[in-house]
Amino acid sequence: MNDIFLKPYNPKETEDKIYKTWEDGGFFNPDKNTNPEAKPFTIIMPPTNANGSLHAGHGLVMTIEDIMVRYKRMQGFKTLWLPGLDHAGFETQVVYEKKLEKEGRTRFDIEPKKLYEEIMDFTLINSSNIKSQIRKIGASCDWSREKFTLDDGIVKIVYKTFKKMFDDGLVYRGNRIVSWCPKHQTSFSDLEIEDEERVDKLYYLKYGPFIISTSRPETKFGDKYVVMHPADKRYSKYTNGQKIDLEWINGPITATVIKDEAIDMEFGTGVMTITPWHDLVDFGIAERHGLEKEQIIDEKGKLLPIAGEFAGQHISKARALIIEKLQTKGLVEKIDENYKHVVRTCYKCRTIIEPQIKNQWFVKMKPLAEKALEKINSNEIRYIPEHYKKITVHWLENIMDWNISRQIVWGIPIPAKICTVCGDGIVDLDNKEIKCKKCGGELRQDTDTFDTWFSSGQWPYASLGFPDSKDFKTFYPTDVMETAGDLVFFWVSRMIMLGLYNTGKIPFKTVYFHGMVLDAKGQKMSKSKGNVIDPMILTEKFGTDAFRIGMVIGNTPGTSLALAEDKIKAYKHFANKIWNIARFVLSNTEQYKGEKPELILGSDKIILDEFQSLIVGVTKDMDNFKFYLAAEKLYGYVWHTFADKIIEESKVKLQDSNASVVTSTQYMLRYILENSLKLLHPFMPFITEEIWSHMPHKETKLLIVTSWPK
RNA sequence: GGGCGAUUAGCUCAGUUGGUUAGAGCGCGUCAUUUACACUGACGAUGCCGAGGGUUCGAAUCCUUCAUCGCCCACCA
């Protein structure tokens with residue numbers, strides 16, 4: 001018997017060694033599979049944010065994807081799992097800004113080029129850390145094809161897409177309302193905004209003959225349009241366009257009556273004034289009626305000269321003073337103290353978003369969404385779990401144009417020139433535009449960067465080398481996209497739209513959403529709560545195999561998962577059990593020569609028939625993406641049938657005086673061990689590979705490329 | 001305001017298309033045993049499957065109403 005089995009299983013001694021054997025042998029590379037008949041199977045790894053360490057969610061991603069990939073590889077597919085790292089634009093910049101803050105610095109004091117270089121260094125350091133952690137989880141991805149979202153080749157593809165969309169009229173530069181965070185000094189797309197319910201005061205103000213209500217009196221300086229519903233009988237004596245002179249915050253003004261159906265007659269008095277520069281609804285009304293728009297608040301949240309005596313004050317301080325002044329002028333009708341409403345905030349810092357009109361780049365989404373809807377509604381893309389399909393359809397049907405300009409340095413620079421006179425933009429990949437085509441004005445380089453999702457939305461084809469590479473032709477469309485449910489709009493839907501736009505094909509056939517990983521009590525993990533579970537500590541403590549199968553069992557797609565240390569510990573016991581099963585079987589079958597004997601009817605025959613149905617059941621679960629079921633079946637079988645019953649009973653049979661009974665039993669034990677190792681391998685790759693290396697009479701030297709049982 | 005999901009053992013959750021006595025892990029109880037494995041084994045307890053109504057020979061599963069919780073979306077100042 002092999003010496004190794006004299007000791008209990010030790011993950012620390014085996015895992016790194018085995019991973020190295022796989023990697024050095026090139027087994028992760030699909031080119032290793034030289035069978036010309038082999039069909040491709042592809043998963044593109046969601047590029048990991050290179051701004052920290054692997055968290056528990058990553059652990060789940062790596063585990064589930066590795067399970068799929070190992071399963072398909074064993075089934076003989078030409079299997080590619082392409083790893084990648086994400087510069088993660090704004091996300092990383094925020095992480096880096098926190099670091100700067102600790103050092104007493106701020107990004108606004110650092111020259112952009114220098115800041116970019118600093119963040120690049122930071123990212124590269126994190127990258128190597130992240131990559132070694134991905135290896136630790138056992139991910140059998142093809143490192144020779146690794147990509148980074150800022151690689152030249154990727155950026156080139158993103159630029160070509162941008163140019164193509166500009167030429168097709170799908171990208172435009174527009175003076176439109178954007179969601180502006182006064183703290184981070186950048187605009188966002190609608191998805192980066194978080195709604196928050198707050199209780200504020202609602203002020204009822206006298207505006208000439210009307211009473212208007214507002215929760216933001218500090219925006220009211222420029223309000224010279226008073227709007228009501230055309231069907232509102234209370235105000236039928238006022239006509240559209242009618243001028244009314246009235247006394248306002250800083251003196252007399254002339255207001256204009258506007259009739260618009262956007263007004264809710266039920267709300268307040270049914271009359272409001274509008275601030276088109278700082279409100280999306282108001283902007284819409286102003287656009288419809290061709291009204292003037294005026295900026296009241298600057299990018300840092302301070303009032304502009306239009307506010308008269310209040311100019312230069314921050315809006316947070318000015319509000320009370322303005323109300324005070326209005327009160328002395330007798331213009332405050334009443335104040336509702338408990339006004340419950342929803343405010344839009346920055347998803348990172350919770351600062352209230354200040355809508356601003358800005359000249360930025362937008363993507364026209366309707367035409368892209370329509371194509372995506374066609375494919376989704378005809379079920380060309382399978383959603384797991386299914387209800388994500390409904391959510392996606394609803395979002396796509398109500399999609400708004402996408403602001404892709406970000407005022408941060410960390411990202412892919414937008415390859416465009418901006419007119420210094422009229423603000424118009426032109427895409428310029430070759431740096432040859434000199435004058436504005438609209439007005440002839442001087443051009444300057446656009447200093448903004450792309451929303452990181454604009455580039456990662458192109459990841460499936462960009463990472464494969466679209467359009468001419470062999471890899472793109474072989475592996476696209478990919479088979480499965482596996483990612484977190486909260487990326488359904490941010491990333492998944494955009495990949496579908498951009499993939500269809502650029503390649504004419506869906507980027508993946510199946511999209512699998514895993515749930516969020518929570519702590520043992522079901523609480524969201526967060527640094528501030530101090531309940532973050534580091535997957536590296538769990539693998540260190542219990543072994544990677546225990547961590548992997550513990551993450552999978554009891555985890556259905558889309559449902560969040562409570563990660564308890566005890567659970568992982570339980571599967572460490574399972575690993576030990578497997579080890580001891582192998583130890584028993586191998587030491588009791590040493591004389592067995594590998595031949596297939598006549599089976600003992602009613603005993604070994606029945607046992608093997610039952611095992612056959614386990615193979616069928618597990619394979620079916622794997623094909624249906626029910627990894628939790630497959631793993632649970634294997635766990636139950638290996639422990640409570642194979643170990644507790646079959647092996648216990650075999651102890652008697654192995655002592656039988658009839659040699660054919662002994663041989664039959666030995667054959668059966670070896671057969672079940674060998675094939676159990678195969679079935680378990682996607683879930684617990686290290687221990688199964690280690691035991692495999694001690695198996696006599698096996699079909700391949702390494703388990704990773706042996707065939708899945710039929 | 002609209003949409004989606006959940007509710008099953010003390011805890012965390014399975015339960016595929018409706019079909020015997022509703023399952024697993026952890027935890028709990030009794031007993032056994034130095035064994036391939038104490039990271040063990042055998043046995044066991046705990047369930048009005050959120051509530052009401054309906055369809056059916058038969059419902060945890062399908063329909064309906066309600067309750068509670070959670071999530072997502074939304075331009076009522």
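In what follows, every chain begins at residue 1, and chains take the letters A, B, ... in the order their sequences are listed.
- Using modelled atom types, one finds a donor on one side chain and an acceptor on the other under 3.5 Å when comparing A/Thr544 with A/Glu15.
- Judged by distance alone, with hydrogens and angles left aside, the side-chain atoms of A/Asp656 form no donor-acceptor pair with the main-chain N or O of A/Val662 at under 3.5 Å.
- The separation between A/Leu561 atom CG and B/rU12 atom P is 13 Å, rounded to whole Å.
- Within the 4.0 angstrom heavy-atom criterion, no nucleotide atom of any strand lies near A/Tyr388.
- Of all the heavy atoms in A/Ala643 and A/Ile647, the pair that sits closest is O-CB, 3.5 Å.
- Judged by closest nucleotide on RNA chain B, A/Lys390 is the one of A/Glu648 and A/Lys390 placed further toward the 5' end.
- Atom-to-atom, CZ of A/Phe584 to C1' of B/rC37 comes out at 11 Å; the value is rounded to the nearest Å.
- Here B/rA36 presents its C1' atom at 18 Å from OH of A/Tyr9, a figure rounded to the nearest Å.
- For A/Asp623 and A/Tyr71, the side-chain atoms include at least one donor-acceptor pair closer than 3.5 Å.
- Atom name C1', nucleotides B/rG50 and B/rA6: the rounded distance is 11 Å, in whole Å.
- A/Tyr635 and A/Trp639 have tilted rings, their planes meeting at an angle from 30° to 60° on a 0 to 90° scale.
- At a threshold of 4.0 angstrom between heavy atoms, the contacts of A/Lys651 include nucleobase atoms, whether or not backbone atoms are also involved.
- Using atom C1' as the reference point in both B/rU34 and B/rC39, the two lie 15 Å apart (nearest Å).
- Counting only Watson-Crick and G-U wobble pairs whose two key distances fall under 3.5 Å, RNA chain B forms stems of three or more stacked pairs at B:1-7 with B:67-73, B:10-13 with B:23-26, B:28-32 with B:40-44, B:50-54 with B:62-66.
- Nucleic acid contact class of A/Ala643 (heavy atoms, under 4.0 Å, all strands): base.
- Here the separation of B/rA67 from B/rG52, taken at their C1' atoms, is 11 Å to the nearest Å.
- Looking at residues two or more places apart in sequence or on another chain, you find a salt bridge (Lys or Arg N to Asp or Glu O under 4.0 Å) between A/Arg176 and A/Asp401.
- Across the P atoms, B/rC63 and B/rU56 are found 16 Å apart, a figure rounded to whole Å.
- Map A/Ala575 and A/His387 each onto its nearest nucleotide of RNA chain B; the residue landing nearer the 5' end is A/His387.
- Rounded to an integer number of Å, the gap from CD1 of A/Ile581 to P of B/rU40 is 12 Å.
- Within the structure, salt bridge (charged side-chain N to carboxylate O under 4.0 Å, His left out) pairs that include any residue of residues 260-269 of chain A comprise A/Asp260-A/Arg288 (at least two apart or interchain).
- Here B/rA42 presents its C1' atom at 11 Å from NZ of A/Lys645, a figure rounded to the nearest Å.
- Taking the P atoms as reference points, B/rG18 lies 8 Å from B/rC62, given to the whole Å.
- Taking atom P on both nucleotides, B/rG70 is separated from B/rC31 by 44 Å, rounded to a whole Å.
- Distance noted for atom P between B/rC26 and B/rC71: 31 Å (whole Å).
- Per the geometry, OH belonging to A/Tyr628 stands 16 Å off C1' belonging to B/rU12, to the nearest Å.
- Residues satisfying the side chain to side chain contact (heavy atoms under 4.5 Å, CB included) test with A/Lys633, not counting sequence neighbours, are A/Leu614, A/Val618, A/Asp621.
- Paired with A/Val257 under the rule side chain to side chain contact (heavy atoms under 4.5 Å, CB included), one option of A/Val227, A/Val226, A/Val271 passes, and it is A/Val226.
- The two residues A/Met265 and A/Arg234 make their nearest non-hydrogen contact at O-NH2, 3.1 Å.
- Using a distance-only test at 3.5 Å, with no hydrogens or angles considered, no donor-acceptor pair links the side chain of A/Thr641 to the main chain of A/Val638.
- Nucleotide B/rC4 holds its P atom 20 Å from the CD1 atom of A/Ile384, rounded to whole Å.
- Remark: P of B/rC37 and CG of A/Asn580 are 6 Å apart, rounded to the nearest angstrom.
- There is no side-chain donor-acceptor pair under 3.5 Å between A/Ser215 and A/Asp200.
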Which atoms of nucleotides 16-27 of chain B (N or O only) lie under 3.5 Å from a protein N or O atom, and what are those distances?
unit_1: B/rG25; atom_1: OP1; unit_2: A/His640; atom_2: NE2; d: 3.3

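- For A/Tyr238 and A/Phe210, the distance between ring centers is under 6.0 angstrom.
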Q. How would nucleotides 70-77 of chain B be written as a contact map, 5' to 3', with B for base contact, S for sugar-phosphate-only contact and - for no contact, using protein heavy atoms under 4.0 Å?
A. --SSBBBB

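- Using C1' as the reference atom, B/rG15 and B/rA24 are 10 Å apart when rounded to the nearest Å.
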